[in-house]
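Reviewing the structure listed below.
Ligands are counted one by one from 1 in listed order, and the atoms in each one are counted from 1 as well.
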Amino acid sequence: MTRLINDKSPSPFHSGEREVQRRMGVRDKMERFGRKVIRDFMPEQHRAFYHQLPFVFVGHADQEGWPWASILFNKPGFMESKDERSLSINAKPVDGDPLNHSLMVDTKLGLLGIELTTRRRNRLAAHIHACKGQQIELTVDQAFGNCPQYIQTRELEVIKDDGLPDSEVHDITHFDREVQDLISSSDTFFVASYVANDSGEASEGVDVSHRGGRPGFIRIDDDQNLTIPDYLGNNHFNTFGNFIENSKAGLLFLDFERGHIVTLTGTVEILWDSPDTRYFEGAERLWTFKLDHGRKLKHVLPLRWKQPEFSPNSLLTGTWQEAQALKEAEQLKEQWRPYKVEKIVQESSVITSFYLSAEGHQATKFIPGQFLTVKAEIQGKEQVRTYTLSSSPSDDFYRISVKREASADGAVPEGVFSNHLHSNVTVGDTLFAKAPTGQFTFDTASERPVLLLAGGVGITPMVSIARYALIEGFRTRKMRQVTFIGAAHDHQQRAFYEELNEISEASQHQIQAFWTLSKVDSELQPGKDFQHSGRISKELLQSILPLDDYDCYLCGPSGFMQACYDLLRSIGVSDARIHAEAFGPSTMRRTVDQATQCFEKQPATDQAIVEFSDSQVEQAWSKDDGNLLEFAEAHGFTPEFGCRSGQCGACKVKLISGNVVYETEHPADIRDDEVLLCCAVPAAVDGEEVSKVSIAL
Ligand SMILES: Cc1cc2nc3c(=O)[nH]c(=O)nc-3n(C[C@H](O)[C@H](O)[C@H](O)COP(=O)(O)OP(=O)(O)OC[C@H]3O[C@@H](n4cnc5c(N)ncnc54)[C@H](O)[C@@H]3O)c2cc1C
């Protein structure tokens, strides 16, 4: 008789799995899901699946309590299920496989049936009820299907046994060169784990799981230790649930091309919050493996697999080499580094994108919304400006998209940097930039729907956010709802129209783009080319947005930002949910919620002596002299600067002594021994009429 795991049955997850699920905030969801998909019998589909497989992976614990992962193989049909609770396997473990000594009645086995050509897989927990010759009779305890995730597609080729060299068995307690080469080039391995009872036997069944990534995803720390990323999975946490109850694991590596096996057993540790995790693309956490002992089994498999086609999930993940390079790059983030202009794309009549690749160094990761500080020598003078990245952090390029600041009828000079980029920079040129930075960042941890409002070139952070949301949606299989509304003067100035439509299509319209144009040409189709004309209005928002609790992001000219901010506040969006950035001094006035802290201006002094310590010059400052950047420039100094609004941090210098206060809120990170010249003035000192400040210039 089969038994369905129903509401009254005990949980299909043991206490370790439940604990990890709880820690990850998926406990209730997984309990409901587990009860539907984990069965104590094999449905017909699973039975047929095992029957046609030529190999299966098996996990077990040996008599000393060490777990091992193994492979059993034979002609398809070697596994047969006579009824939904039983599975017979007609196969013998390879020479030297520790499983040879554990094939006895009551031994618990974990099985992973996997078809590398279709990436289908199925898991079983079972125990042996009879064993004779190479016939292993199993009773099924649990069965469930698994999604393909990080499985690479591989074509199998079976070669004749008699063509194989004699097999070799080598005991190992350290990773020798050959083992290290196999591990470092592996894109796949298998891990066995289990929960033990007091006498060290498997009490809750044994699990064997697949782990995949790009070659280089396993770090060989030394000749006994490995560090391995854990990617987003099916949230069952079978392996980690076992690890927290019993910190032992068996790892199996296959040499897919030569038919060798490396089987290892040892102890594990879960690194929930290692600082290294954030450098490793796709890693949610890490775990380490310390080898106790293992075996190198050479020429044991008559199975060969062709070069893999990588799973799309694996391609979204990193390698340790990349992680290390990122870490090093972050340590050098204050330095100017060269970037080659790889591609230039005109996005609209006024905005052009520059695709940049790091030249001879690793570009650092960034959060959507952050900017690059770029410098160039223009007409003999070094100029620095900041440009928000319009690419996504997982793109293998940086992209800045720059509006040409034209001179309106010669009334004002042309924008220096933007015109230089538009007119003089060509593919193959080098630009120098500091690592991305900035406080206007997309809240990647939030699950709330997102509203992006962009005016003109303020679209750049929004495109980055939309690209990021799409890629993260694929990676996590949970697409965040994003609504973009772009305001442009006319359709010629409407940048990224096609790109946003493509993102919208790919996200199955979870990410949507709407346009409002100030000037609508007669050939434009309402509803397709634009949705609205004129300013973003309450009616427009209400017609597009379902009532919900949004994270809102604004970027554009001052008037646009203020109007959008006031509009959002008027429809009840709290100040804290509105993230805003101006591409210059921000004049947006916030109406702060009571609970929200606001920027408190500290008292400035009226008069001060400012010492430029590097040049050993002292000058008298008074409040009419403005901020310290203006003051320094007025005295012939040429400090680096970018935005002049406290955002980019380019004018940060060392504060040698004295105190400064800030006239505006400044998002750039400033330590106590630093000063952001563009928005700082000398502070008042109690009892002193003239204060003194010394800065490193
Ligand atoms: C955080 C941040 C992110 C940014 N991201 C982007 C981005 O993604 N894309 C983008 O295009 N820009 C962005 N900017 C703006 C960018 O940094 C530059 O400010 C912009 O490109 C203009 O620089 P410029 O050298 O061309 O103009 P500048 O020479 O600095 O001149 C600025 C403006 O003033 C005008 N002007 C110059 N002299 C006078 C004068 N005497 N009287 C009146 N007007 C004058 C110019 O015509 C121009 O419009 C960002 C700015 C910040 C702070």
Side-chain angles (χ1 to χ4, degrees), residues 344-356 366-379 381-392 398-425 431 433-442 452 454-467 486 488 493 495-496 553-558 560-561 579-588 629 633 640-652 664-669 676 678-679:
I344 299 179
V345 175
Q346 186 159 359
E347 307 287 1
S348 75
S349 58
V350 285
I351 299 176
T352 297
S353 284
F354 299 83
Y355 287 69
L356 309 174
F366 64 95
I367 309 170
Q370 291 190 309
F371 57 79
L372 270 191
T373 307
V374 190
K375 77 168 175 183
E377 194 169 301
I378 306 170
Q379 290 167 356
K381 196 166 169 226
E382 188 172 275
Q383 301 279 353
V384 179
R385 297 292 185 275
T386 45
Y387 292 101
T388 301
L389 288 151
S390 60
S391 46
S392 152
Y398 281 165
R399 181 178 64 179
I400 55 169
S401 306
V402 178
K403 179 183 169 218
R404 182 196 279 270
E405 294 296 343
S407 153
D409 307 329
V412 291
E414 286 190 330
V416 174
F417 213 103
S418 59
N419 279 281
H420 169 70
L421 288 174
H422 277 250
S423 308
N424 305 332
V425 171
L431 291 177
K434 286 187 183 176
T437 182
Q439 308 287 315
F440 176 69
T441 50
F442 183 53
L452 308 175
V457 73
I459 194 169
T460 53
M462 311 312 175
V463 179
S464 176
I465 292 173
R467 288 178 74 85
Q493 291 195 16
F496 299 106
Y553 295 83
L554 309 183
C555 188
S558 292
F560 169 89
M561 300 246 294
H579 309 265
E581 175 155 87
F583 285 171
S586 175
T587 52
M588 197 182 87
L629 178 60
E633 286 172 336
E640 220 167 66
F641 67 86
C643 66
R644 299 186 84 98
S645 57
Q647 301 182 67
C648 72
C651 63
K652 188 163 65 179
T664 51
E665 208 168 349
H666 55 88
D669 284 344
L676 194 60
C678 71
C679 46

| task | Identify the protein heavy atom lying closest to atom 27 (O) of ligand 1, giving its residue, its atom name and the separation to 0.1 Å. | result | G415 CA, 3.2 Å
| query | Any donor-acceptor pair under 3.5 Å linking the side chain of E414 with the backbone of S407? | reply | no
| query | P413 to ligand 1: N or O pair under 3.5 Å? | reply | yes
| request: Please confirm whether G438 comes under 4.0 Å of ligand 1, counting heavy atoms of the residue only. | output: no
| Y355 side, atom OH; S391 side, atom OG - distance, nearest 0.5 Å | 8.5 Å
| message | Could you identify the single nearest non-hydrogen protein atom to atom 45 (C) of ligand 1 and state the distance to 0.1 Å? | response | V412 CB, 3.8 Å
| Do the ring planes of F354 and H422 sit parallel (below 30°), tilted (30 to 60°) or perpendicular (above 60°)? | perpendicular
| Sub-4.0 Å atoms of ligand 1 with respect to non-hydrogen atoms of V457 | 9 (N), 10 (C), 11 (O)
| request: Answer side chain, backbone, both or neither: which part of P461 comes under 4.0 Å from ligand 1, heavy atoms only. | output: neither
| said: If the test is salt bridge (charged side-chain N to carboxylate O under 4.0 Å, His left out), which one of K434, K652, K375 qualifies with E640? | reply: K434
| field | Mode of V416 contact toward ligand 1 - side chain, backbone, both, neither (heavy atoms, under 4.0 Å) | value | both
| message | So, taking the atom named OG in S348 and the one named CZ in R404, what distance separates them when rounded to the nearest 0.5 Å? | response | 11.5 Å
| request: Would you check whether N419 has a nitrogen or oxygen atom less than 3.5 angstrom from a nitrogen or oxygen atom of ligand 1? | output: no
| query | What part of F583, side chain, backbone, both or neither, has a heavy atom within less than 4.0 angstrom of ligand 1? | reply | both
| note | Output for pair (T460 OG1, L389 CG), nearest 0.5 Å, gives 8.5 Å
| said: Return the NE2 to CD1 distance between H579 and I465, rounded to the nearest 0.5 Å. | reply: 9.0 Å
| field | Heteroatom distance test (E581, ligand 1): nitrogen or oxygen, under 3.5 angstrom | value | no
| query | Could any protein non-hydrogen atom be found less than 4.0 Å from atom 33 (C) of ligand 1? | reply | no
| Sequence-distant partners of R467, salt bridge (Lys or Arg N to Asp or Glu O under 4.0 Å), two or more places apart | D395, E499
| message | I'd like the name of whichever of R404, R385, Q383, E405 reaches closest to atom 49 (O) of ligand 1 through any heavy atom. | response | E405
| said: Let me confirm one number: the CE-CZ distance from M462 to F496, rounded to the nearest 0.5 Å. | reply: 12.5 Å
| task | Decide whether an N or O pair under 3.5 Å exists between T388 and ligand 1. | result | yes
| query | Should L356 and L372 count as side-chain neighbours, where that means a heavy-atom distance under 4.5 Å? | reply | yes
| query | For F442, what residues pass the ring pair (Phe, Tyr, Trp, His ring centres under 6.0 Å) criterion, not counting sequence neighbours? | reply | Y468, Y553
| Per-atom contacts of ligand 1 with V402, taking only distances under 4.0 Å to non-hydrogen atoms | 11 (O)
| message | I'd like to check which ligand 1 atoms, numbered from 1 as shown, lie under 4.0 Å from a non-hydrogen atom of T460. | response | 7 (C), 8 (O)
| task | Give the residue, atom name and distance (to 0.1 Å) of the protein heavy atom nearest atom 17 (O) of ligand 1. | result | T386 O, 2.6 Å
| task | Within a distance under 4.0 Å of any heavy atom of F371, pick out the atoms of ligand 1 and give their elements. | result | 1 (C)
| query | Hey, which of S353, S401, S464 is the one that makes side-chain hydrogen bond (donor to acceptor under 3.5 Å, both in side chains) with S390? | reply | S401
| Would E405 and S418 count as having a side-chain donor-acceptor pair, cut-off 3.5 Å? | no
| task | If you have a sec, work out which protein heavy atom is nearest atom 20 (C) of ligand 1 and how many Å separate them, to one decimal? | result | Y387 OH, 3.8 Å
| remark: Ranked by distance from atom 53 (C) of ligand 1, the top protein heavy atom is C643 CB, 3.2 Å
| task | Take atom 14 (N) of ligand 1 and look for protein heavy atoms under 4.0 Å from it; say yes if you find one, no if not. | result | yes
| request: Could you point out which residue of Q383, Q379, E377 forms a side-chain contact (heavy atoms from CB on, under 4.5 Å) with K381? | output: Q383
| request: Could you say whether the N/O atoms of F417 and ligand 1 ever approach to under 3.5 Å? | output: yes
| Starting from atom 9 (N) of ligand 1, which protein heavy atom do you reach first, and at what distance in Å? | S401 O, 2.9 Å
| Nearest-contact summary for atom 26 (O) of ligand 1 - protein heavy atom, Å | S418 OG, 2.6 Å
| remark: Within 4.0 Å of some non-hydrogen atom of K403, the atoms of ligand 1 are 10 (C), 11 (O)
